[in-house]
Amino acid sequence: MSRVPELSASGVAVIAGKGGVGKTTVTAVLARAASDAGLRVLVIELDGKPTLQTLLPGLEVRSMSGADSLEEYLRDHGFARIASRLVSSGVIDLVGTAAPGIDDLVVLGKIKQLERSGRWDLIVVDGPAAGHAISFLTTANGMLDAVRGGPVRAQAQDVLDMLADPERCQVVLVTLPETTPVNEVIETAASLESRVGVMLGPIVVNRVDAFGEMPDFDAANGADNDEFDALVAAAEFRTSRRAIEKSQIERLADVLPLEQIVVRACPVAGLSAADVQQLADELRGVRNGATP
Amino acid sequence: MTSLIGELADAEVVVCCGSGGVGKTTVAAVLGLEAARAGRRVVVVTIDPARRLADALGLESGLGGEPARIDLPDLDGECWAMMLDTSAMFARVVHEHAEDAEQAERIVQNRFFLNMAGSLSGTQEYMASEALHLLHGDDRFDLVIVDTPPSRHALEFLNAPGVLARFLDHRLFKLMMLPARSGMKLFSVATQPMLRAVGRVIGSDVLADAVAFFQAFAGMDVGFRERAEEVTLLLRADATRFVLVAAPQRDTVTEAVWFADELHDQGFAVTAAIANRMHPRFGAGTSAEATGRAEAAESDDTARLWANLAELRLISERERVEILPLLDRLGGAPIIEIPLLAEDIHDRRTLDLIGCFLNDPDQVV
């Protein structure tokens, strides 16, 4: 059964999670799956890393940086003539500090505009790492409190309207099937629900072991001593780690009433575009290139 | 070389760098425990500790802004831990430099200052270096271990004066720090077109807070600069060591390589890198050999056990290839391998398991 229809319910999907859980991988897999299912997809990354484009040949990937976006925004709002000195004169730092999160707000404003344009069915955003994800998404609220009027306030209101509308926006949290990442995603979900009125989409559990159950270790009996030790140690290792994963996935399901999407672990130390295609096919239930 | 712990025996400061999610905080904590085992009086400063780590260390109320001693009755030395409280640290530094309590209060209650303390990129790193300086001077400890923020900004920590310079050297801020003496205003927003334009974007009252901050801060910048110089000297001392933590995943290795290059460019030497959560090898054979045995196996179950071994070895082999780019960038410093354990790290026993590897000279890649 295809998972992608859930994602197409929203114009913007912000992929969020702590550092190291594989947000970029999940962004790529979801984007590829959505595109293969026929949606017009745009991918946005916020950290200046070229990885996503490498993982998604043929898809449109745009890089947005808070600093560049803020500079562009200021240029459009009264600083056109002195634009070249915005950084060195201290204006960027002054504005960025006096109105913290304004750079994030401007980025969200640009995303909102892309969403409004109707050119894409789904905009997948490789969001900032979890701590920053919360401030990234709460910046609009803070700005409404702090700034009385003018373009920034109007921008904040528009962004809040988008974030609060489940038809237009959702946050997809990513975690690993391990104790600390699950603790962290539970905290992040709680913070997002209490502080931002944004809809939480499915939770993606990344790098889940797909090897399957181990047989009885007696099956190693034919091997010589060293081989026997290696076979049993490897089997015990796998069994033990699978048990940890299983209990964490269950705990996550108990605590968070969100649908879980599982992305399999690949026996590699870094994914390629082909791996992403494979994982996207699995997500859509595609076998050997046949469409579901 | 001896083990990593051996190499750090005469260190006074250890800085742990690396991206998020590689186990940096756990490594910092274990380095602390092992140093305490060797008789040192250590304090570990973390930025964003997982609740579980605090639990594993036996600190029931979590980690606070002041060092708390970990109960280690079996060890000769002492290990303390604290979480960096950026805002509290900044307020403290302001109080130390202000001419009087009144000036300090004006600053620490100012909205612009609170924003700086809470969210300006670079402040957390700057305060980490201040905490380092403070703890280094604290007689309770002879070793400070710093777990840096999990981002590229972490290296701004090495450049504490650099963060300050953004504020002290730009024209706009020098302007705002000019005194506004009664009767003869040397400075007013109304006469500054750039500030007026800023006011139109963020609002005049938000701008007024910023101006009030700089007016209050004027004069303190000298003391801050001197302090920053002291921190820089401490960071460049021989007794300060750098440890890079990475996991054998391409993106964290890329970050570690970036850190190594940056440290090198700024004239710092890396003592060692740690490749954390490496899949174990399971015997001397290769993945391909195990696959061959799986194909030739007599029963499905036996084949499956061999296939399992083959896959785990494959991951291990690929991980070892993945960390190679880092080896070249360390200027001869070694990579220490910490294996991925079959169980979760959640208590003293499992933390000590990790510690064994840091004490073992054979763990060098």
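In the text below, chain A, chain B and the rest are named by the order of the sequence lines, each starting its count at 1.
B:A210 touches chain A through its side chain: at least one heavy atom from C-beta onward sits under 4.5 Å away, while N, CA, C and O do not. With a 4.5 Å cut-off on non-hydrogen atoms, B:D205 touches chain A through its side chain but not through its backbone. In this structure, no portion of A:T51 lies under 4.5 Å from any heavy atom of chain B. Heavy atoms closer than 4.5 Å to chain A are found nowhere in B:H346, neither backbone nor side chain. Proximity to chain A (any heavy atom under 4.5 Å) is shown, for B:A303, by neither the backbone nor the side chain. With a threshold of 4.5 angstrom between heavy atoms, B:P193 does not approach chain A through any atom at all. Residue contact with chain A, scored on non-hydrogen atoms closer than 4.5 Å, is absent for B:L53. A:D216 touches chain B through its backbone: at least one of N, CA, C or O sits under 4.5 Å from a heavy atom, while the side chain does not. Heavy-atom distances place no part of B:V22 under 4.5 Å from chain A, backbone and side chain included. For B:R111, no part lies under 4.5 angstrom from a heavy atom of chain A. Looking at B:R277, the atoms closer than 4.5 Å to chain A (heavy atoms on both sides) all sit in the side chain, from C-beta outward. In this structure, chain A has heavy atoms under 4.5 Å from both the backbone and the side chain of B:N308. At a 4.5 Å heavy-atom cutoff, B:R281 makes no contact with chain A through either its backbone or its side chain.
Counting heavy-atom pairs closer than 4.5 Å to chain B, the top-ranked of the candidates A:P215, A:A243, A:G212 is A:P215. Taking chain B as the reference chain and counting heavy-atom pairs below 4.5 Å, the highest number among A:T179, A:I244, A:V95, A:L176 is found for A:T179. Per-residue counts of heavy-atom pairs under 4.5 Å with chain A were compared for B:S204, B:A307, B:A290, B:A284; the largest is that of B:A307. For the options B:E319, B:H279, B:E322, B:R200, heavy-atom pairs under 4.5 Å to chain A are most numerous at B:E322. Of the listed residues (A:A233, A:G20, A:A235, A:A220), the one with the most heavy-atom contacts under 4.5 Å to chain B is A:A233. Among the candidates B:V321, B:V253, B:L341, the residue making the largest number of heavy-atom pairs closer than 4.5 Å to chain A is B:L341. Interface check for chain A: of the options B:I315, B:V198, B:V206, the most heavy-atom pairs under 4.5 Å are formed by B:V198. Chosen from B:S299, B:G285, B:P280, B:G283, the residue pairing most often with chain A at heavy-atom distances under 4.5 Å is B:P280.
To the nearest 0.5 Å, atom CD of residue B:Q249 and atom CG of residue A:L271 are 7.5 Å apart. Atoms CZ and CG, on B:F282 and A:D229 in that order, are 12.0 Å from each other to the nearest 0.5 Å. Here CZ of A:R238 is found 4.5 Å from CD of B:E311. Values are rounded to the nearest 0.5 Å. To the nearest 0.5 Å, atom CD1 of residue B:I202 and atom CZ of residue A:R153 are 15.0 Å apart. Rounded to the nearest 0.5 Å, atoms CD (A:E213) and CZ (B:R304) are 8.5 Å apart. Distance CG/B:L305 to CG/A:D218: 9.5 Å, rounded to 0.5 Å.
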Pair A:L94, B:L195 - check side-chain contact (heavy atoms from CB on, under 4.5 Å), show working.
CA-CA 10 Å; A:L94 176 61; B:L195 287 178; 3.7 Å; yes
Run the numbers on A:E227 and B:W306 for side-chain contact (heavy atoms from CB on, under 4.5 Å), then give the verdict.
CA-CA 10 Å; A:E227 290 177 346; B:W306 280 109; 3.8 Å; yes
Run A:V91 and B:M194 through side-chain contact (heavy atoms from CB on, under 4.5 Å) and show every step you take.
CA-CA 8 Å; A:V91 167; B:M194 263 208 280; 3.4 Å; yes
When you look at B:E255 and A:K49, which way does the side-chain contact (heavy atoms from CB on, under 4.5 Å) test go after all the steps?
CA-CA 11 Å; B:E255 287 297 289; A:K49 295 187 195 161; 4.1 Å; yes
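Closest of all the heavy-atom pairs between B:L340 and A:F237 is O-CE1, 3.5 Å. Across A:A234 and B:L309, no two heavy atoms sit closer than the pair CB-CD1, 3.6 Å. Taking each heavy atom of B:A342 and A:S240 in turn, the nearest pair found is O-OG, 2.8 Å. Nearest heavy-atom pair, B:V201 versus A:V152, reported as atom, atom and distance to 0.1 Å: O-CG2, 3.2 Å. The two atoms that bring A:A98 and B:N115 nearest to each other are O-ND2, 3.2 Å, heavy atoms only. Across all their heavy atoms, A:A269 and B:P248 have their closest contact at CB-O, 3.3 Å.
Side-chain atoms of B:R51 do not come within 3.5 Å of backbone N or O of A:T180 as any donor-acceptor pair.
Dense packing is recorded around CG of A:D145, with more than 12 heavy atoms of other residues, nucleotides or ligands lying under 6.0 Å away. The neighbour count for B:D300 CG, taken as heavy atoms of other residues, nucleotides or ligands under 6.0 Å away, does not exceed 12.
Contact check on A:E178 versus B:R52 returns no salt bridge, with no Lys/Arg side-chain nitrogen under 4.0 Å from an Asp/Glu carboxylate oxygen.
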